[in-house]
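Basis for what follows: all heavy atoms, side chains included, without hydrogens, waters or symmetry-related copies.
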Amino acid sequence: MKRLFCFLFLVPMLQKTQARSWDLWKMQQDTSEISEVDQQLLRGRLKSLLQKKQVKDSLNFKQVESLPLVSISEVLKGQISGLYVQESSGEPGSYKNMVMRGLGSPLLEVKDAVNVQPAVYINGVPIARENNFTYSIQQYQFNRIGPATDNFAGIDLSSIESIQVIKDPIELAKLGPLAANGAIWILTKPGKEGKREISFDAYVGLATKPAVTPVNAQYENKFRSSFYNKYGTDTDRLNYPGYLSDSTNVNYYGPANWNEEYYKAAPIYGGNLGIRGGGDRANFAFMGGYTKNASAADNTNFERYNALFNVNMAPFKWFNFGTTINGSRSMRDRNRSLRDRFGEASYVPDLSVPISPNKDMYGQYLDVYKKALDNNSVNMLNLLVNLDLYLLPNLKLNTNLGVDYSEGTREAFFPGFFNGDK
């Protein structure tokens, strides 16, 4: 699946923006021989290349920037009033729905929630959103067709300067029909005038496995039999599950220890390197990083490589130029659920008989699954080019070119065993 969005438009003069930084090493500032008046003028023009929205719903990024989160939706969850984030799965990097308060229609199906997602802008460029047409052609909606990776998981959180949630109808009207369901305005860290700074941050953690007490057929049989004996009819007793009736079946009445294979501690880590600097006429920023996030359940994990480049220049008093390039590649290992695999094949058999709770039987299933192929990747590129022309003292021409491109790929192959072949 490929998505490409491009726009070109003219806007009036922009307001100033603020930036913050973390200095680790400082070097000598670049200098240029221009008057103090011109220096102040050029500084103001470079700062105007990116702007914040004057809205109240702004995220305090310091509260969440130290957490090992991988997606914008995870960052915003529980932080902004009136914004609901729905997670159908705990898998890292999986698709999430964001819904603003004040919907005009009920959400009866998954595709209804996809249809009312708020627009997300990175430096003023709208990110291409998922289309809900895939749910109209799927018989089962357990998973979305394709990699089913969160669109906003490709944005590196360490490169973000600010996040603002826009719900004001006047501000949304300025953004056009794309923002009819609300908007999230994201600015990445721009170049910085002054002393150059090099920053490096990294973290290492461990996703620990939970304490789970599985049960076997003996426990379930004792629980069910009391209700069958008191309320069940003869027909109910005749249809009693076979795996509970046969107490000699060691696969179900034996040890219940499947959790030893399903839950395992998994490492999570990440690192980012950035450099920012510049002088009166130009500044720049470059950031790159790697993130590995994982879950202790079912060996699910998420990886991302990302890079950000920003340069702003004022070579003449009448001309400003700025560009920002943000790219990433995300890869995700999905769950190994039989229900999800059957749903993707548009054939769901009777699942009333569960897999044996014994880890040896579950291990045999995992051995067969090793022959399967299930690679999920998403490539993302976000580009903004901004030009300012000061034609007259009170006349400024501003033009922007924005491009958002994302490509999702899934390579899947499953042995015939999953279809009942021997």
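Tyr269 places no side-chain N or O within 3.5 Å of a backbone atom of Ala202 that could act as its donor or acceptor partner. Side-chain atoms of Arg281 come within 3.5 Å of backbone N or O of Pro315 as a donor-acceptor pair. Gln79 places no side-chain N or O within 3.5 Å of a backbone atom of Val75 that could act as its donor or acceptor partner. Asp112 places a side-chain N or O within 3.5 Å of a backbone atom of Leu108 that can act as its donor or acceptor partner. A donor-acceptor distance shorter than 3.5 angstrom exists from the side chain of Ser328 to the backbone of Gly154, with no hydrogens or angles considered. Lys264 places no side-chain N or O within donor-acceptor distance of the main-chain N or O of Tyr262, the cut-off being under 3.5 Å. The main-chain N or O of Ser337 is never found under 3.5 Å from a side-chain atom of Asp340 such that the two would form a donor-acceptor pair. Side chain of Thr323 to main chain of Leu384: a donor-acceptor pair is present (N/O by atom type, distance under 3.5 Å, no hydrogens or angles). In this structure a side-chain-to-backbone donor-acceptor pair under 3.5 Å is present from Arg334 to Pro147. A distance-only check finds a donor-acceptor pair linking the side chain of Asn310 to the backbone of Gly191 [under 3.5 Å].
The shortest distance between side-chain heavy atoms of Asn312 and Asn320 does not fall below 4.5 Å. Side-chain contact between Val85 and Asn97: absent, with no pair of heavy atoms (C-beta onward) separated by less than 4.5 Å. Side-chain atoms of Leu76 and Ile184, non-hydrogen and from C-beta on, do get closer than 4.5 Å to each other. With a 4.5 Å cut-off on side-chain heavy atoms, Pro214 and Pro357 do not count as touching. Using a 4.5 Å cut-off on side-chain heavy atoms (C-beta onward), Tyr252 and Met361 make no contact. Within the 4.5 Å cutoff, the side chain of Phe302 has heavy atoms near those of the Thr149 side chain. The shortest side-chain heavy-atom distance between Ile160 and Leu187 does not fall under the 4.5 Å cut-off. Considering only heavy atoms from C-beta on, Leu397 stays 4.5 Å or farther from Leu387 through its side chain.
Applying the side chain to side chain donor-acceptor pair (under 3.5 Å) definition to pairs two or more places apart or across chains, those involving residues 211-221 are Glu220-Arg224, Glu220-Tyr243, Asn221-Tyr240. For residues 92-132, the ring-ring contact (aromatic ring centres under 6.0 Å, His included) pairs, not counting sequence neighbours, are Tyr121-Trp185.
For the pair Asn272 and Asp156, the tightest heavy-atom approach, listed with the atom from each and the gap, is OD1-OD2, 2.9 Å. Taking all atoms of both residues into account, the shortest heavy-atom contact from Lys96 to Ser94 is NZ-O, 3.0 Å.
Atom CZ in Arg341 sits 5.0 Å away from atom CG in Asn335 (nearest 0.5 Å). For the atom pair CG of Asn299 and OH of Tyr369, the computed distance is 10.5 Å after rounding to the nearest 0.5 Å. Of the inter-residue distances, the one linking Asn326 atom CG with Thr324 atom OG1 reads 8.5 Å to the nearest 0.5 angstrom. Here the CG atom belonging to Asn382 is positioned 10.0 Å from the CD1 atom belonging to Ile325, to the nearest 0.5 angstrom. Atoms CE and CD, from Met100 and Gln117 in turn, are 10.0 Å apart once rounded to the nearest 0.5 Å. A distance of 8.5 Å separates CG in Asn398 from OH in Tyr390, rounded to the nearest 0.5 Å.
With Ser159 as reference, Leu308 is the one residue of Ile186, Leu308, Asn306 to meet the side-chain contact (heavy atoms from CB on, under 4.5 Å) rule.
Residues passing the salt bridge (charged side-chain N to carboxylate O under 4.0 Å, His left out) test with Asp333: none are found, sequence neighbours excluded. Remark: Ser356 pairs with no residue by the side chain to side chain donor-acceptor pair (under 3.5 Å) rule, at least two apart or across chains. Residues passing the salt bridge (charged side-chain N to carboxylate O under 4.0 Å, His left out) test with Lys209, sequence neighbours excluded: none. In terms of the ring-ring contact (aromatic ring centres under 6.0 Å, His included) criterion, Tyr362 has no residue partners (sequence neighbours excluded).
Classified by interplanar angle (parallel below 30°, tilted 30° to 60°, perpendicular above 60°), the ring pair Phe316/Phe319 is tilted.
A salt bridge between Lys359 and Glu261 is absent, with no side-chain N of the basic residue lying under 4.0 Å from a carboxylate O of the acidic one. Ion pairing between a basic and an acidic side chain is recognised when a charged N comes within 4.0 Å of a carboxylate O; Glu87 and Lys77 show such pairing. Glu91 has a carboxylate O that lies under 4.0 Å from a charged side-chain N of Arg332, or vice versa, which qualifies the two as a salt bridge. A salt bridge does not link Lys189 with Glu161: none of the charged nitrogens is closer than 4.0 Å to a carboxylate oxygen. Salt-bridge formation is not detected for the pair Asp374/Arg336: no Lys NZ or Arg NE/NH1/NH2 atom is positioned less than 4.0 Å from an Asp or Glu carboxylate oxygen.
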Checking Asp298 against Thr300 for the side chain to side chain donor-acceptor pair (under 3.5 Å) test, could you report, in this order, the C-alpha distance in whole Å, the side-chain angles of both residues, the deciding distance, and whether it holds? CA-CA 6 Å; Asp298 209 9; Thr300 56; over 6 Å; no
Before you tell me yes or no, could you show the steps for Met98 and Leu83 under side-chain contact (heavy atoms from CB on, under 4.5 Å), namely the whole-Å CA-CA distance, both residues' side-chain angles and the distance that decides it to 0.1 Å? CA-CA 7 Å; Met98 293 188 292; Leu83 178 65; 4.2 Å; yes
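For Phe223, the CZ atom sits in a loose shell: 12 or fewer heavy atoms of surrounding residues, nucleotides or ligands are nearer than 6.0 Å. Summarising the local packing, CD1 of Ile170 is surrounded by 12 or fewer heavy atoms from other residues, nucleotides or ligands at distances under 6.0 Å.
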